[in-house]
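Below is one structure, written out as structure tokens, with a few remarks after it.
From a predicted model like this one, the values you see are computed outputs, not experimental measurements. Atoms considered below: every heavy atom in the structure, side chains included; atoms not considered: hydrogens, waters and symmetry mates.
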Amino acid sequence: MKRAAAWLYPDAGGEPGVLPAALVVLTVVSGIVDAVSFLALGNVFVANMTGNVVFVGFAVAGAQRLSLWASAAAIVSFALGAWLTGRVRVPFAAVTGAHAAMVVPAVVLLAAYGPSVVVIMVLAFGMGMQNASVRRAGVPDMTTTVLTTALTGLAADSPGTANRRRVVSIAALFTGALAGGALYLGSGPVAALSAAAVLLVTVTVVLVREG
């Protein structure tokens with residue numbers, strides 16, 4: 001992971017550590033959980049809040065296939081997770097571990113009771129935690145969920161190492177969405193969400209070991 005981080009940030013002062021590579025994996029996680037939430041939980045996102053705001057607007061306008069309450073619940077839960085993380089100063093690894101601890105019960109709830117607004121809220125809360133910790137880390141071009149800025153920079157800026165990171169971010173989210181969609185269609189939502197939990201636990205272990 002250190003080699004990957006050095007490739008992403010070759011001009012960084014000092015050793016970049018494993019955090020940039022960890023953020024790539026977390027971007028894959030975002031794609032997986034949004035695939036599960038959209039395909040299995042009723043056309044709602046738990047990571048992409050821009051999409052949910054738009055969905056709320058569609059639902060208020062009368063769109064029948066979108067749930068106003070599911071999207072609103074995701075937005076509120078995401079905001080609560082971000083709010084809490086922004087006020088509790090703990091290491092990045094601890095937040096990632098807490099996020100994993102949110103996904104695991106979501107897997108259990110989904111397996112035991114099927115899709116529900118509770119699963120949406122738990123997953124969105126965890127993604128809010130992740131986004132707040134990533135924002136605090138302040139690693140350039142690695143937001144783990146939002147790609148509009150990355151796409152804009154990729155198209156508008158001159159070639160450079162920043163574009164390398166933007167391409168990796170876009171590819172990571174696409175890979176997560178592809179993997180999540182394939183797992184959902186092939187084995188069901190529990191398998192897809194379990195994959196996200198395994199990735200989160202793996203990232204937490206690596207971050208803890210690296211200190």
Side-chain angles (χ1 to χ4, degrees), residues 1-39 43-59 61 63 65-66 71 74-75 78-79 81-82 85-86 92 96 99 123-124 126-185 192 195-196 199-200 203:
M1 292 186 79
K2 286 185 177 180
R3 289 183 179 179
W7 181 78
L8 290 169
Y9 292 90
D11 51 356
E15 173 61 52
V18 300
L19 182 58
L23 295 181
V24 174
V25 180
L26 293 181
T27 305
V28 174
V29 170
S30 297
I32 293 174
V33 296
D34 261 352
V36 173
S37 66
F38 188 83
L39 297 173
N43 297 346
V44 62
F45 291 123
V46 294
N48 181 6
M49 291 301 113
T50 302
N52 282 331
V53 171
V54 173
F55 288 165
V56 168
F58 291 164
R65 295 169 59 184
L66 297 171
S71 294
I75 293 170
F78 183 97
T85 304
F92 191 91
T96 305
H99 186 188
L123 291 175
M127 289 307 306
M129 294 170 60
Q130 174 178 306
N131 275 260
S133 62
V134 170
R135 183 175 184 272
R136 183 189 300 161
V139 179
D141 306 306
M142 291 286 174
T143 63
T144 74
T145 54
V146 181
L147 293 184
T148 302
T149 301
L151 283 167
T152 302
L154 185 62
D157 293 349
S158 300
T161 55
N163 280 350
R164 179 186 300 177
R165 297 188 290 270
R166 292 161 183 161
V167 169
V168 169
S169 292
I170 294 167
L173 192 65
F174 172 81
T175 299
L178 176 63
L183 284 169
Y184 167 75
L185 294 172
L199 289 177
L200 284 170
V203 170

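Heavy-atom minimum distance, Met129 versus His99: CE-N, 4.0 Å. Of all heavy-atom pairs spanning Ala132 and Gly86, the tightest one is CB-N, 4.4 Å. Shown here for Ala35 and Gly181, the closest heavy-atom pair between the two residues is CB-N, 3.7 Å. Taking all atoms of both residues into account, the shortest heavy-atom contact from Ala192 to Gly180 is CB-O, 3.8 Å.
Within the 4.5 Å cutoff, no side-chain heavy atoms of Phe38 are placed close to those of Val46. Residues Thr143 and Ser169 have side chains not in contact (no heavy-atom distance under 4.5 Å, counting atoms from C-beta outward). Side-chain contact between Met142 and Val134 is absent, with no heavy atoms from C-beta onward closer than 4.5 Å. Looking at heavy atoms from C-beta onward, Val24 lies out of side-chain contact with Thr144 at the 4.5 angstrom threshold. Side-chain contact between Arg164 and Pro159 is absent, with no heavy-atom pair separated by less than 4.5 Å.
Asn52 meets the side chain to side chain contact (heavy atoms under 4.5 Å, CB included) test with Val44, Phe45, Met49, Phe55, Ser71, Ala74, Ile75; sequence neighbours excluded. Arg136 meets the side chain to side chain contact (heavy atoms under 4.5 Å, CB included) test with Thr85, Arg89; sequence neighbours excluded. Listed by chain and number, the residues in a side chain to side chain contact (heavy atoms under 4.5 Å, CB included) with Val28 are Ile32, Ala172, Leu199 (sequence neighbours excluded). Among residues two or more places apart in sequence or in another chain, the side chain to side chain contact (heavy atoms under 4.5 Å, CB included) test is passed with Ala63 by Phe58, Leu66.
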Pair up each side-chain donor or acceptor in residues 145-156 with any protein partner under 3.5 Å, not counting sequence neighbours, and list the distances.
| unit_1 | atom_1 | unit_2 | atom_2 | d |
| --- | --- | --- | --- | --- |
| Thr145 | OG1 | Asn131 | OD1 | 2.8 |
| Thr152 | OG1 | Thr148 | O | 2.8 |

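Here the side chain of Tyr184 pairs a donor or acceptor atom with the backbone of Leu39 at under 3.5 angstrom.
Rounded to the nearest 0.5 angstrom, Leu23 CG and Arg165 CZ are separated by 11.5 Å.
The salt bridge (charged side-chain N to carboxylate O under 4.0 Å, His left out) contacts involving residues 23-34 comprise nothing, where partners must be two or more places apart or lie in separate chains.
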